[in-house]
Amino acid sequence: GGGGGGGKHTDSRTPRKRFYHYTKNAIAATPKGDETNLGQSTLPCNDWKKQSLPNLTVILPAFNEESRIRTTIEKYRSYLQASPYWIRDGKFGCDILVVDDGSTDDTCRVVNDFVIEDSSLSTPYGDDVKIRSVSLVQNEGKGAAIARGIAEVEHRYDRQQLNDNNCRGWIILVADADGSGDMKSLDDMMNTLFSTILVQMISVNDEKSNYESNYSDAFPWKYPALVVGNRGYEGASMSRVITRWGFRTTVKLFCGDLNVSDTQCGFKLMTLTAGSYLYSQLNLKRWSHDVEVLFRAKEMGITVVETTVGWRDMEGSKLASTLGGTIKISAIMLFEVLTMRIAYSSGRW
């Protein structure tokens, strides 16, 4: 199963409200340059490339993507293979996880051409960027597929921690199966993510508060934080521009400021800690799931920051290819968002 049921979160699963919340301005004001300027000798310098990096898993939710998934896997894997940041002692510390969302075409067969069975499932380390796959029994929606992928990473992380107490954490990049997102944006997203984490670490050190023991200066990548891509409007068709603008405006009306203008961007980078909180037991599992994820982040006080990403809309969009279809799907999404807002307000979710 995918995103689980609609059960309400227990206190043990939910961070203290607003404890982690920091504004974009605070993050932008993070000291640059010499780490001694940070005022805390225990804090790392603010260059993510100089850190002991966590594992990285790229999650690709896929439904009937037999014609596009091969190109996306090859393109993303090539980028990771060429990047100097994800290699440890000659081994790659990153992998790609395709979550088949109950496809009825040959998506699984295409993906399985890349998958190599091995016994070291708990770690991504290998001589190449490994491709893995999991499948939902039936189509549950993109949100459910992402939740299933994050649960898979959680399971592997737990297993790795049993064997490696110094595991530096795990981060997740969620991307679309059609390859719309440009992997060259990953470095900028990593920079934004680490700056976001650094602000939390400075605040925690300054406040000398009783912080959760599993977040420490030695393991910065275990702090909860989410970076959302912003696609902009360049190159988008007029119907997409109108749909995006209308949906964003309505979401802001229903949910207030979610710190993100492009809620539906499929390119998101997060720590596993944030992903576990935000995607566990989603109620909206299809087109509108992004809004529930961001609304949860707002309610829990998990930091969300937006950054511009390279993006190219691909042909064959799952959403709609006609004006009538676009209007229909937009109406469904708006109804789901309104339902979500009422359900959270009433305590039903």
Find out whether Cys255 and Val337 are in side-chain contact, i.e. whether some heavy atom of one side chain is under 4.5 Å from a heavy atom of the other. yes
Would you say Val251 and Leu258 make side-chain contact, with heavy atoms under 4.5 Å? yes
Keeping His289 on the side-chain end and Arg286 on the backbone end, is there a donor-acceptor pair under 3.5 Å? yes
Residue pair Ile150, Ile172: steps toward the side-chain contact (heavy atoms from CB on, under 4.5 Å) verdict: CA-CA 8 Å; Ile150 291 174; Ile172 292 166; 3.8 Å; yes
Test ring pair (Phe, Tyr, Trp, His ring centres under 6.0 Å) applied to Phe267 - qualifying residues, sequence neighbours left out: none
Student check: side-chain heavy atoms of Leu173 and Met189 closer than 4.5 Å: yes
Would you give the length of the straight line joining atom CH2 of Trp311 to atom OG of Ser180, rounded to the nearest 0.5 angstrom? 4.5 Å
Between the CZ atom in Arg296 and the CE atom in Met340, the distance rounded to the nearest 0.5 Å is 10.0 Å
Member of Val305, Leu269, Leu294 meeting the side chain to side chain contact (heavy atoms under 4.5 Å, CB included) criterion with Val228: Leu294
Nearest heavy-atom approach of Ser261 to Asn230 is OG-ND2, 3.0 Å
For the residue pair Trp170 and Tyr157, categorise the inter-ring angle as parallel (less than 30°), tilted (30 to 60°) or perpendicular (more than 60°). perpendicular
Quick check against the 3.5 Å criterion: does Glu140 have a side-chain atom that pairs as donor or acceptor with the backbone of Lys285? no
Under-4.0 Å salt bridge between Arg132 and Asp95: yes
Give a yes or no answer on whether the side chain of Thr271 reaches the backbone of Trp221 with a donor-acceptor pair at less than 3.5 Å. no
Please give me the minimum heavy-atom distance between Ile69 and Ala177, naming the atom from each residue. CD1-CB, 3.8 Å
Using a 3.5 Å distance criterion without hydrogens, assess whether the side chain of Glu292 forms a donor-acceptor pair with backbone atoms of Asn283. yes
Could you grab the distance from atom OG1 of Thr72 to atom CZ of Arg77, nearest 0.5 Å is fine? 12.5 Å
Roughly how far, to the nearest 0.5 Å, is the OG1 atom of Thr339 from the CG atom of Leu284? 8.0 Å
Where do Ser133 and Val115 come nearest, in terms of heavy atoms and distance? OG-CG2, 3.9 Å
Taking the side chain as every heavy atom from C-beta outward, state whether Trp86 and Leu186 have any atom pair closer than 4.5 Å. yes
Ignoring hydrogens and angles, tell me if any N or O in the side chain of Asp101 forms a donor-acceptor pair with the backbone of Gly141 under 3.5 Å. yes
One pair to check against side-chain contact (heavy atoms from CB on, under 4.5 Å): Val291 and Gln264. What are the steps and the verdict? CA-CA 8 Å; Val291 180; Gln264 301 310 106; 3.5 Å; yes
Run the salt bridge (charged side-chain N to carboxylate O under 4.0 Å, His left out) check on Lys298 and Asp257 step by step: do they pass? CA-CA 9 Å; Lys298 178 183 177 182; Asp257 185 7; over 6 Å; no
Return yes if some donor-acceptor pair links the side-chain N/O of Asp100 with the main-chain N/O of Ser103 below 3.5 Å, else return no. yes
Under a 3.5 Å distance rule, please check whether Asp105 uses its side chain to pair with a backbone N or O of Thr107 as donor and acceptor. yes
Side chain proximity check, Thr57 to Ile96, heavy atoms < 4.5 angstrom: no
If you look at every heavy atom in Ala175 and Pro61, which pair is closest and at what distance? O-CD, 3.2 Å
Those residues at least two apart in sequence (or on a different chain) that pass ring pair (Phe, Tyr, Trp, His ring centres under 6.0 Å) with Phe335 are none
Smallest heavy-atom separation, Thr273 atom then Pro224 atom, equals CG2-CB, 4.1 Å
Show your working on side-chain contact (heavy atoms from CB on, under 4.5 Å) between Met270 and Ile171 and close with a plain yes or no. CA-CA 6 Å; Met270 68 199 80; Ile171 55 174; over 6 Å; no
Would you find a donor on one side and an acceptor on the other, under 3.5 Å apart, between the side chain of Asn259 and the backbone of Thr303? no
Can you name the nearest heavy-atom pair linking Gly149 to Ile59, along with the distance? C-CD1, 3.6 Å
Take Asp182 and Arg312 through the side-chain contact (heavy atoms from CB on, under 4.5 Å) test and state the conclusion after the steps. CA-CA 8 Å; Asp182 188 347; Arg312 186 159 67 92; over 6 Å; no
Do Lys142 and Asp290 meet the salt-bridge criterion of a basic N to acidic O distance under 4.0 Å? no
Are the side chain of Lys75 and the backbone of Gly179 linked by a donor-acceptor contact shorter than 3.5 Å? yes
Interatomic distance, CD1@Ile146 vs CG@Leu60, rounded to 0.5 Å, equals 10.0 Å
So CG of Asn55 and CZ of Arg156: to nearest 0.5 Å the spacing works out to 8.0 Å
Is the shortest heavy-atom distance from the side chain of Glu306 to the side chain of Val227 under 4.5 Å? no
Is the side chain of Asn112 donor-acceptor paired with the backbone N or O of Cys108 at a distance under 3.5 Å, no angle test? yes
So Glu152 and Val99, do their side chains get closer than 4.5 Å, heavy atoms only? no
Non-hydrogen side-chain atoms of Leu193 and Trp48 separated by less than 4.5 Å: no
